[in-house]
Every structure is written in structure tokens, then in C-alpha cells.
Undergrad: 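The structure that follows is given in the form of C-alpha cells.
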Amino acid sequence: MLMKWHRLHNSRQMPWKGEKDPYKIWLSEIILQQTRVEQGLAYYNRFIQHYPTIQQLAAAPDQEVLKLWEGLGYYSRCRNLLLTARRIVKEYKGLFPRDYETLLSLKGVGPYTAAAIASFAYNQPYAVVDGNVFRVLSRFFGLDTAIDTLPGKKLFTGLADEVLDKQYPALFNQAIMDFGATVCKPMAPACIDCPARKDCAAFLTGNVNRLPVKEKTLQRKHRWFYYFIFEHRGNWLVNQRNQRDIWQGLFEFYLLETEAACEWNDKKVMEWLHDQYGIADALLVNISSVQTQQLTHQQIRGQFIELKLSSKPDFLKSYQWQPKNRLKELPFPRFITQFLEEHASIGS
DNA sequence: AATCCGGGGCA
DNA sequence: TGCCCAGGATT
């Protein structure tokens, strides 16, 4: 059924479809982890344009690659991308491994990605199990085992292996994911057009909208980020984040994080500068309105406080002073680029 | 087994 | 808002 649907009704076009170069398949799969095709597409094209081969990617500077990844999120994917590219060039002479277990050993490659590479590039019979597959299987077989538990993962992984067309694994994997993305969608699935509805347990029992089941409900953490943008003679004070926290490897300005909201005004800013760092020569340029950024499990709110210093302070040794024209070469989190874009005086 | 890691789109 | 997206690493 799936294969026939794929042949006759699937018109989803993507540049990596039918691709046999494992480098390109791997790259597309890493980009698409927890990321919609529409969002990842431009990044994929940009990466292929900059780095047509894995050797070119492996030779690129970290910061250049992270800048290309800027805005896509889950930045550990980008760090692991480089680690793996360099390992393949050094250890495998640039030839991508074929073996499933070896693929799994690569940083950033888990069960899904290893199966995707093994099947798409080499047509090996490994079933991909992504969000689409969980959904299609749980609905079609009417299974309410929670997909975010170990029993659920085992159940659906086993099922995916059973239903996989061992003769055409690449086509089948492509078909089931496209089907999940365009027909058996998370919300408002197109059951009316679904060729499988007379065999679909969820459809027959009216449970389509209650499957798949997820157990955990994430709770959101609230954080307040107050960024002090210090400028001294055309140079801006920036810092590269390297704590175990969000946005690792990305740059930011001087950050004051608080648990509760702060009421900043001219007087409070000047007092804080003086009490904290003994700065008395600062010119307060602007205090922005409150900016917000919604992450999956954190809500970031905060303000940008722009200051001009007439003398270069000797504190904050680990920070860097960067001239304006270098600023746009650095990768920043969305929270910051969004603000910079709206304030052309700093941003561009 | 539980927690963490972004950002965008959509109802 | 809450949910989801071609998931994986870490603890």
C-alpha cells in the first residue's frame, strides 16, 4: 500500500531524495533532526554550496561552520557534524562507513540517522523510526503504548523492522516518512484521502486524534537575560558561551541573568555599573523594551542595555572586544540576532 | 530512565 | 499557549 501510494501520489520533492552520496545524506539527516524540512532546506543548500565534499567541511574553521548553522538550533548537532567529518577524513580516508554499527559510533548519529544512511545510501534493510513512523504505526495498529518510554520505543522499532520492505528499504523508508508528513499528519490528518483507512485501527475506532500517546509533559523554565552591550571606540564586548547550558559555542554580550524580572532605568543602570565594576564614565545609549524568545523548554525574556565607555575597563578578562565589521562574522543565538536586526545602528 | 538541547510553524 | 518537527548525548 505504502509503496503504491509513494509511486502514485507522493510529490514531495527534496534535493537529497534519491541521493546516493552518503555525505549528502548524512548532512541532510543531521540538519533534519527535530527540524522541519521547510526549515532545514535552506541550510542544507548553503552547506552543500560551501562544502561540496566532506573534506572541505572537515577543513573548515569551527566558527565559520557554526555561523552557517546560526539560527537552526540544537547547536551540538553542528559541533558533532564537524567532529564526525574530521574523523571520517582522518580515520576512513574520507570514505563514509557502510556498516550500521560503525555508523552508530559516529558522533551525532543515533539509531534513526544510522538507519537512514544505511538504507538511503546503501539500500541496507534498516527501518527508520522517526516521529512520522511512530505516528503512522501507532495509528495504523491502534497502539497506545507511549512513544516516549522505553517499552514504546522497543515496540515501534520492532514493528518498523517487521513492516519494512526488505527488498526496497530505501524506497519504503522514504515512503513511510512522506506518508506521515503529508497524509497521516500530527494534526488534521487527511484520513479522507488515506488509502489505508479501511485497515487503519485508529480510523476504524475513531482514535486517530488520540494517537500516538506521549507520557511526559515538559515544563518550561523562565529565565531573564539582561544583556549589557558595551561599546568602546567602535569595539563591542562579546563572550563565547561555553558553560553547560543553551547556546554553547555561540557568542553573546555581557550577560546578567536573574531569576526575577528587573526594573531597569537610567539611574539603576548607572548605579549597578558603579557598584559592580566601579564604572563612572559610561554613557547610557538605550534600554530596549522587553524581548522574548520561546524555546522548547525555556522561555527567555530580557532587555538589551546599550552603553558607550570612554575608557576601556580592565575587568572581564575572558571577554573579547570586537570591531563592528567582525561582529557579523560571529554566530549569535536568535534572541540576540533578532534584536540586532531591529537595531541597524549596531547590527549591520 | 530522566533530562537537556533551539527555533519555527500552526491551531 | 501547547504541540510537533527526518533525534541524540549526557547523567
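Chain letters run A, B, ... following the sequence lines, proteins first and then strands; every chain starts at 1. Only heavy atoms go into these numbers, but all of them, side chains included; no hydrogens, no water, no symmetry mates.
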Undergrad: Look at the rings of Tyr126(A) and Tyr100(A) and say which category their plane angle falls in: under 30° parallel, 30 to 60° tilted, over 60° perpendicular.
TA: parallel

Undergrad: Students often mix this up, so state it plainly: with edges at 30° and 60°, are the rings of Trp264(A) and Tyr226(A) parallel, tilted or perpendicular?
TA: perpendicular

Undergrad: His297(A) on top of dC4(B)'s base, within under 5.5 Å and under 30°?
TA: no

Undergrad: Rounded to the nearest angstrom, tell me the gap between atom CG in Leu72(A) and atom C1' in dG8(B).
TA: 10 Å

Undergrad: Which whole number of Å gives the distance between the P atom of dG6(B) and that of dT11(C)?
TA: 15 Å

Undergrad: Within the 4.0 Å heavy-atom criterion, would you say Asp178(A) contacts the bases, only the backbone, or no part of the nucleic acid?
TA: base

Undergrad: Looking at Asp148(A) and Lys214(A), is there a salt bridge between them, counting it only when a charged N and a carboxylate O are closer than 4.0 Å?
TA: no

Undergrad: Base, sugar-phosphate, or nothing: which does Arg79(A) touch, judged by heavy atoms less than 4.0 Å apart?
TA: nothing

Undergrad: Whole-Å distance between dA6(C) P and Asp130(A) CG?
TA: 7 Å

Undergrad: What is the distance, rounded to the nearest whole Å, between atom NZ of Lys153(A) and atom P of dG8(C)?
TA: 10 Å

Undergrad: With a non-hydrogen cut-off below 4.0 angstrom, is Arg36(A) in contact with a base, only sugar-phosphate, or nothing?
TA: base

Undergrad: Do you see a donor-acceptor pair shorter than 3.5 Å between the side chains of Arg223(A) and Gln298(A)?
TA: yes

Undergrad: Mind calculating the distance between CZ (Arg210(A)) and C1' (dC3(C)) to the nearest angstrom?
TA: 18 Å

Undergrad: Expressed in angstrom and rounded to an integer, what is the separation of Arg135(A) atom CZ from dA6(C) atom P?
TA: 7 Å

Undergrad: Give the ring-plane orientation class for Trp26(A) versus Phe96(A), where under 30° counts as parallel, over 60° as perpendicular and anything between as tilted.
TA: tilted

Undergrad: Please give, in whole Å, the distance from dC5(B) C1' to Tyr74(A) OH?
TA: 5 Å

Undergrad: Using a 4.0 Å heavy-atom cut-off across all strands, classify Gln174(A) as base, sugar-phosphate, or nothing.
TA: base

Undergrad: Side chain of Lys216(A): nearest nucleotide among dG7(C), dA1(B), dA2(B)?
TA: dA2(B)

Undergrad: Just so I know, are the side chains of Ile300(A) and Thr292(A) near enough to count as touching, which here means a heavy-atom distance under 4.5 Å?
TA: no

Undergrad: Thr113(A) near the nucleic acid: base, sugar-phosphate alone, or nothing, with a heavy-atom cut-off under 4.0 Å?
TA: sugar-phosphate

Undergrad: NA contact type, Thr296(A), heavy-atom cut-off 4.0 Å: base, sugar-phosphate, or nothing?
TA: base

Undergrad: So what does Glu38(A) hit on the nucleic acid, given a heavy-atom distance under 4.0 Å: a base, only sugar-phosphate, or nothing?
TA: nothing

Undergrad: Taking only side-chain N and O atoms of Gln34(A), does any of them lie within less than 4.0 angstrom of OP1 or OP2 on dC5(C)?
TA: no

Undergrad: Counting the atoms with a prime plus P, OP1 and OP2 as sugar-phosphate, which does Gly71(A) contact under 4.0 Å by heavy atoms, base, sugar-phosphate, or nothing?
TA: sugar-phosphate

Undergrad: Just checking Trp69(A): base, sugar-phosphate only, or nothing, at a heavy-atom cut-off of under 4.0 Å?
TA: nothing

Undergrad: Nearest to the side chain of Asn80(A), which nucleotide is it out of dG7(B), dA9(C), dA6(C)?
TA: dA9(C)

Undergrad: From CZ of Arg220(A) over to C1' of dC4(B), roughly how many Å is that when rounded to an integer?
TA: 14 Å

Undergrad: Using a cut-off of less than 4.0 Å, is there contact between a side-chain N or O of Trp247(A) and OP1 or OP2 of dG7(B)?
TA: yes

Undergrad: Would you measure the distance from the P atom in dC10(B) across to the matching atom in dA6(C) and give it in whole Å?
TA: 13 Å

Undergrad: Side chain of Gln39(A): nearest nucleotide among dA6(C), dG8(C), dG6(B)?
TA: dG6(B)

Undergrad: Using a heavy-atom cut-off of under 4.0 Å over every strand shown, decide if Ile25(A) touches base, sugar-phosphate, or nothing.
TA: nothing

Undergrad: How close or far is atom C1' of dC5(B) from atom CD1 of Ile31(A), stated in whole angstroms?
TA: 17 Å

Undergrad: Judged by each residue's nearest nucleotide on DNA chain B, which is more toward the 5′ side, Met187(A) or Thr35(A)?
TA: Thr35(A)

Undergrad: For residues Trp247(A) and Phe335(A), determine if any side-chain heavy atom of one lies less than 4.5 Å from a side-chain heavy atom of the other.
TA: yes

Undergrad: Using a 4.0 Å heavy-atom cut-off across all strands, classify Asn173(A) as base, sugar-phosphate, or nothing.
TA: nothing

Undergrad: Using 30° and 60° as the class limits, which term best fits the ring planes of Tyr227(A) and Phe304(A): parallel, tilted or perpendicular?
TA: parallel

Undergrad: If you check every side-chain atom of Tyr75(A), which of dA1(B), dA6(C), dG6(B) has the closest atom?
TA: dG6(B)

Undergrad: Using a cut-off of less than 4.0 Å, is there contact between a side-chain N or O of Arg334(A) and OP1 or OP2 of dG8(B)?
TA: yes

Undergrad: Among the nucleotides dG6(B), dA6(C), dC5(B), which one has an atom lying closest to any side-chain atom of Asp245(A)?
TA: dC5(B)

Undergrad: Touch check for Val109(A), heavy atoms < 4.0 angstrom, all strands: base, sugar-phosphate only, or nothing?
TA: sugar-phosphate

Undergrad: Where each residue is assigned the nucleotide of DNA chain B containing its nearest heavy atom, which of Leu150(A) and Pro333(A) is assigned the position nearer the 5′ end?
TA: Leu150(A)

Undergrad: Quick check on DNA chain C: between Met14(A) and Lys107(A), whose nearest nucleotide comes earlier from the 5' end?
TA: Met14(A)

